[in-house]
Amino acid sequence: MDPTILYSLLQQVSDFDLFTLDDIDAAFQNVVRLKYSQNHLLNDKGEGIVIAPHVAGHDLGGTVWKITKDGEDVVYAVDFNHRKERHLNGTALGSFVRPAVLITDAYNALNNHVYKRQQDQDFIDALVKVLTSGGSVLLPVDTAGRVLEILLILEQYWTQRHLVYPIYFLTNVSTSTVDYVKSFLEWMNDSISKSFEHTRDNAFLLKYVTLIINKDELERLGDAPKVVLASMASLEVGFSHDIFVEMANEAKNLVLFTEKGQFGTLARMLQVDPPPKAVKVTMSKRIPLVGDELKAYEEEQERIKKDEALKASLSKKEEMKASLGSNLKASDPMVTDASTSRKPSNAGSYLVGNVDILIDGFVPPSTSVAPMFPFFENTSEWDDFGEVINPDDYMMKPDEMDNISMLGAGDGMESKLDEGSARLLLDSKPSKVISNEMTVQVKCSLAYMDFEGRSDGRSVKSVIAHVAPLKLVLIHGSAEATEHLKMHCSKNSDLHVYAPQIEETIDVTSDLCAYKVQLSEKLMSNVLSKKLGEHEIAWVDAEVGKADEKLTLLPPSSTPASHKSVLVGDLKLADFKQFLANKGLQVEFAGGALRCGEYITLRKIGDSNQKGSTGSQQIVIEGPLCEDYYNIRELLYSHFYLL
């Protein structure tokens, strides 16, 4: 969640002082923007480490991180989703193979999802059932994450079923959120971006959802059936908290949670089975100070200002004394040593008389004589039009341009917040928070449907088996779910599985020894490289030596023995089938093998988890030595790189 929004919500109901808006601005100044798959080399303490973000599929901008050091990969994949949704593609985690360490979560290890289409239909049916009976539905949601998927679901089914019940998206930033999302279509799934390219149809031009930033419009509707998506999902603060209190007393209403509530929140209390019949809630609001309270506040603020001004004045005098004592004696030619200025002479009596010269606002050190203010001559160049300037001094730096582009139009605050939020944040009138605790009778229906956008237990196990890391670290899950996934992975593979507790430190250092070596120019001058995708590969025979105190690969001192030919590459039989068909050969799959013509069969044998590894996976050509055999073998070799 945007910390600015969180700050505004907490300020409305409490004297929140954990951080300020200035702290938020300072934090965002340290943010480095990256694109998906962009490699970023760290500096200073992180020298030699490369990080790259990849699509997580959980929410817009969600990221799986690949961290590379000394040729080994660490993949941090928490909260990913393998399924393609209405507005997001699935995760790119499946493209990683054999990382040294995979860090992932066990959050959904015990849960298995129903088919998404069935889940969406059950969701809409639950809403329609309540609406047709005269009730209203509250969906506690976040401000700009998974709510985007729910908005598209509602838009689609309202269109298909010709429903007329009003839908409201109520947050402090609802209008600006949707406006921003409209400009991020290239970050969404392929169908949305292609649709916009061909027809200029923007999926987030919402026809049935009304965006509002306060409750006035809801209050005008009264008890009319409606669907309200309101922040926050926890029900602790925000519009959802107040609307829940209003709707809970009516049995015809429904509160439908779209994500599992965090421990200790009102949402989590209501999601237990069976749900409570009554809950205690705290109603808080901020009101302006008046009368004696306002007068006492102003007097206190005035006293604080005077104390601060006095401290600043004393501190400034101390600084001036310290600086003048060191600088004037060293640089001012009029300042002489006291021992030389007080010699018994006529001139000396004159100088001694000037020691006590005082100038308003200037405190001379006790050793100074005829003190003077520092004078700096202006040496700027001038021409007929005035002072000559350097245009480079007025050029905007690239990082400053990036900061402005991140804020968008305006100076930042207005572009990020709606009018209501900006008014709350910028209101400097003295105020206080009043609170009262009340008991709410829960007569409305309560339901939970998982729209969190995380892969379920079955999919997580499949992804881990596909990625096949050397070591696995499980975090962010209940003790039961974590133990279940740990036992499954340990039983079905040779993985080293770790499940650290909170604040526990574990050592997942690789068992392999990695050395950095540099390639000598003499060696590289004789190497013939072949291009393989984005890389170049070559077979190198060399000896390890030292040059400039660094390990270096040098040309061998004697002629090396010839090596066996190595085929490098990863062949998919489905692609090779299409290739042979284009060559006019009759090919078909039979029993997991590729049947070529009448006599020749190709099959893969070995460990399929080791992708692209010729040492563990082989392609075998079966059949008699005939013309087809040699032709197919030659075509097969053309798909590999011979070293």
For residues 195-208, the side chain to side chain donor-acceptor pair (under 3.5 Å) pairs (sequence neighbours left out) are none
Return each pair, listed once, that meets salt bridge (Lys or Arg N to Asp or Glu O under 4.0 Å) where at least one residue sits in residues 266-289; pairs must be two or more places apart or across chains. Asp15-Arg286
Where at least one partner belongs to residues 236-261, residue pairs that pass salt bridge (Lys or Arg N to Asp or Glu O under 4.0 Å), sequence neighbours excluded: Lys215-Glu246
Listed partners of Ile506 passing side-chain contact (heavy atoms from CB on, under 4.5 Å), at least two apart: Val473, Tyr498, Pro500, Glu504, Val508
Residues passing the side chain to side chain donor-acceptor pair (under 3.5 Å) test with Asp142, sequence neighbours excluded, are none
Any donor-acceptor pair under 3.5 Å linking the side-chain atoms of Asp25 with those of Gln29? no
Under the salt bridge (Lys or Arg N to Asp or Glu O under 4.0 Å) rule, what pairs show up with a residue in residues 435-455, not counting sequence neighbours? Asp79-Arg454, Glu452-Arg454
side-chain contact (heavy atoms from CB on, under 4.5 Å) partner of Phe239, chosen from Ile212, Ile213, Asn172: Asn172
Under the rule for side-chain contact (heavy atoms from CB on, under 4.5 Å), what residues qualify as partners of Leu294, not counting sequence neighbours? Leu289, Glu298, Pro430
Of all residues at least two apart in sequence or in a different chain, which pass the side chain to side chain donor-acceptor pair (under 3.5 Å) check with Thr20? Asp23
Sort and list the pairs that fulfil salt bridge (Lys or Arg N to Asp or Glu O under 4.0 Å) and have at least one residue in residues 223-234, not counting sequence neighbours. none
Applying side-chain contact (heavy atoms from CB on, under 4.5 Å), can you list everything that pairs with Leu18, at least two apart in sequence or on another chain? Phe16
Under the side chain to side chain donor-acceptor pair (under 3.5 Å) definition, can you give me all pairs with a residue in residues 148-169, not counting sequence neighbours? Arg86-Gln156, His87-Glu149, Asp125-Arg161
In terms of the angle between their ring planes, are Phe184 and Trp187 parallel, tilted or perpendicular, with boundaries placed at 30° and 60°? perpendicular
Suppose the criterion is ring pair (Phe, Tyr, Trp, His ring centres under 6.0 Å): which pairs have a residue in residues 103-155, not counting sequence neighbours? Tyr107-His476, Phe123-Phe451
